[in-house]
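Predicted model, so just to flag it, every value in this text is computed and none were measured.
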Amino acid sequence: MRTVDAIKVMSGWDRQGMYLFDTNALALILRETGDKLRATIKRLMADGIIRRVARDLYVYLLSRDVGANTIYDIALKLRQGRYVCESFESAGAQWGFISQIPTDRVTVATTGRSGEFRTPYGVIEFTHVNRPALEIVEGIVDRKPYNPLPIASEKLALDDMLAAKGRCVELIDWEMVENGAR
């Protein structure tokens with residue numbers, strides 16, 4: 001597909017709020033497969049129209065939605081179909097019981113696999129939590145329309161930090177916890 005035609009197609013999807021595409025989605029919307037699709041993806045990347053942000057995930061760079069929340073949209077897309085929420089150190093900093101704010105990373109609790117993804121928009125650190133879905137749903141705070149990724153409540157974020165191995169619990173300001181998180 002010619003670049004100009006791909007831009008028209010992707011702009012139409014962007015107007016509907018879709019600016020992250022995996023290879024299957026690109027195959028569907030561009031109506032290409034195999035070598036032809038790979039060549040189109042390569043050309044769109046070279047032309048600065050799309051950027052690979054993770055294995056098999058691309059962002060449409062001309063989107064009106066690319067910005068501060070892109071890292072959160074990527075996190076949701078990478079664990080699509082799983083429960084996810086910002087938790088651990090990221091949530092602790094936002095709730096105020098951790099004073100050191102992670103600037104280039106978001107820590108995410110997930111019912112999916114643990115893993116770390118380095119994207120052009122920052123690092124996403126997924127940590128698997130073994131919680132019942134109802135407990136997760138009841139313990140998260142929806143931040144839409146300001147942020148697409150829900151955040152763990154103060155209590156849930158603290159519980160996640162204490163339960164997970166290898167977390168930096170020495171960052172926790174226990175005085176702040178006494179005054180708010182519990």
Side-chain angles (χ1 to χ4, degrees), residues 1-91 93-94 102-131 133 136-137 140 142-152 160 164:
M1 177 175 284
R2 295 181 325 156
T3 300
V4 68
D5 295 329
I7 291 171
K8 286 178 185 175
V9 170
M10 295 177 92
S11 290
W13 285 100
D14 181 46
R15 283 190 295 277
Q16 296 178 46
M18 187 173 173
Y19 72 104
L20 290 170
F21 302 93
D22 61 22
T23 306
N24 290 333
L26 287 172
L28 284 172
I29 69 168
L30 300 176
R31 298 175 189 209
E32 293 182 343
T33 59
D35 290 340
K36 194 171 184 181
L37 176 63
R38 282 187 285 283
T40 297
I41 289 172
K42 187 175 180 180
R43 186 175 58 259
L44 292 174
M45 286 175 46
D47 291 344
I49 307 304
I50 62 173
R51 173 189 279 166
R52 184 176 182 261
V53 293
R55 183 173 181 249
D56 193 40
L57 187 61
Y58 303 87
V59 62
Y60 174 54
L61 293 172
L62 303 179
S63 173
R64 57 195 168 100
D65 293 324
V66 173
N69 284 335
T70 300
I71 192 168
Y72 302 110
D73 287 330
I74 293 169
L76 287 167
K77 192 77 168 168
L78 287 171
R79 291 296 181 266
Q80 195 167 352
R82 301 293 183 174
Y83 289 101
V84 292
C85 67
E86 186 171 2
S87 190
F88 306 103
E89 293 84 1
S90 294
Q94 291 193 44
T103 56
D104 68 336
R105 143 180 320 260
V106 61
T107 53
V108 179
T110 179
T111 57
R113 286 192 328 237
S114 294
E116 185 174 279
F117 293 84
R118 296 184 180 280
T119 78
Y121 303 96
V123 177
I124 303 167
E125 179 187 344
F126 291 104
T127 300
H128 176 79
V129 292
N130 197 13
R131 294 186 182 280
I136 295 170
V137 170
I140 60 174
D142 188 3
R143 301 184 285 183
K144 290 179 184 171
Y146 308 106
N147 189 320
L149 184 65
I151 188 169
D160 283 347

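In the model, Tyr19 has a side-chain atom that pairs as donor or acceptor with a side-chain atom of Asp73 under 3.5 Å.
Every pair passing ring-ring contact (aromatic ring centres under 6.0 Å, His included) that includes a residue from residues 108-129 is listed here, sequence neighbours excluded: Phe117-Phe126. Applying the salt bridge (Lys or Arg N to Asp or Glu O under 4.0 Å) test to residues at least two apart or on different chains, the pairs with a partner in residues 113-126 are Arg105-Glu116, Arg105-Glu125, Glu116-Arg118, Glu125-Arg167.
Formation of a donor-acceptor pair under 3.5 Å by the Ser87 side chain with backbone atoms of Ala152 is not found in this model. In this structure, the side chain of Arg51 does not engage the main chain of Tyr58 through any donor-acceptor pair within 3.5 Å. Remark: the backbone N or O of Asp14 is not paired with any side-chain donor or acceptor of Ser63 at under 3.5 angstrom.
If you take OG1 on Thr33 and CG on Asn24, they are separated by 11.5 Å, rounding to the nearest 0.5 Å. Atom-to-atom distance recorded for Ile151:CD1 and Asp142:CG is 11.5 Å, nearest 0.5 angstrom. Atom-to-atom distance recorded for Arg82:CZ and Ile136:CD1 is 11.0 Å, nearest 0.5 angstrom. With rounding to the nearest 0.5 Å, the separation of CG in Asn69 from CG in Leu149 is 9.5 Å.
Between Ile29 and Trp13 the shortest side-chain heavy-atom distance falls below 4.5 Å. Tyr72 is listed as a side-chain neighbour of Val106, based on a closest heavy-atom distance under 4.5 Å. Looking at heavy atoms from C-beta onward, Thr111 lies out of side-chain contact with Arg131 at the 4.5 angstrom threshold. When side chains are defined from C-beta on, Leu62 counts as touching Ile7, because their heavy atoms get closer than 4.5 Å. Residues Leu78 and Leu76 have side chains not in contact (no heavy-atom distance under 4.5 Å, counting atoms from C-beta outward). Side-chain contact between Thr127 and Thr110: absent, with no pair of heavy atoms (C-beta onward) separated by less than 4.5 Å. The shortest side-chain heavy-atom distance between Ile50 and Val59 does not fall under the 4.5 Å cut-off. With a 4.5 Å cut-off on side-chain heavy atoms, Lys36 and Arg31 do not count as touching.
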Would you give me the side-chain donor-acceptor pairs under 3.5 Å for residues 41-48, sequence neighbours excluded?
| unit_1 | atom_1 | unit_2 | atom_2 | d |
| --- | --- | --- | --- | --- |
| Arg43 | NE | Thr3 | OG1 | 3.4 |
| Arg43 | NH2 | Met1 | O | 2.0 |
| Asp47 | OD2 | Thr3 | OG1 | 3.0 |

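Salt-bridge formation is not detected for the pair Asp22/Lys77: no Lys NZ or Arg NE/NH1/NH2 atom is positioned less than 4.0 Å from an Asp or Glu carboxylate oxygen.
Across all their heavy atoms, Val108 and Val84 have their closest contact at CG1-CB, 3.9 Å. Taking both residues in full, the closest heavy atoms of Glu32 and Leu37 are given as OE1-CA, 3.7 Å, listed atom of the first, atom of the second, then distance. The nearest pair of heavy atoms linking Ala75 to Ile124 is N-CD1, 3.8 Å. Across every non-hydrogen atom of Met18 and Ala25, the tightest pair is CE-CB, 4.0 Å. Nearest heavy-atom pair, Met10 versus Leu26, reported as atom, atom and distance to 0.1 Å: CE-CD2, 3.8 Å.
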### Task
Start with the C-alpha distance between Glu86 and Arg143, add both sets of side-chain angles, then the distance that settles side chain to side chain contact (heavy atoms under 4.5 Å, CB included), and finish with yes or no.
CA-CA 11 Å; Glu86 186 171 2; Arg143 301 184 285 183; 2.6 Å; yes
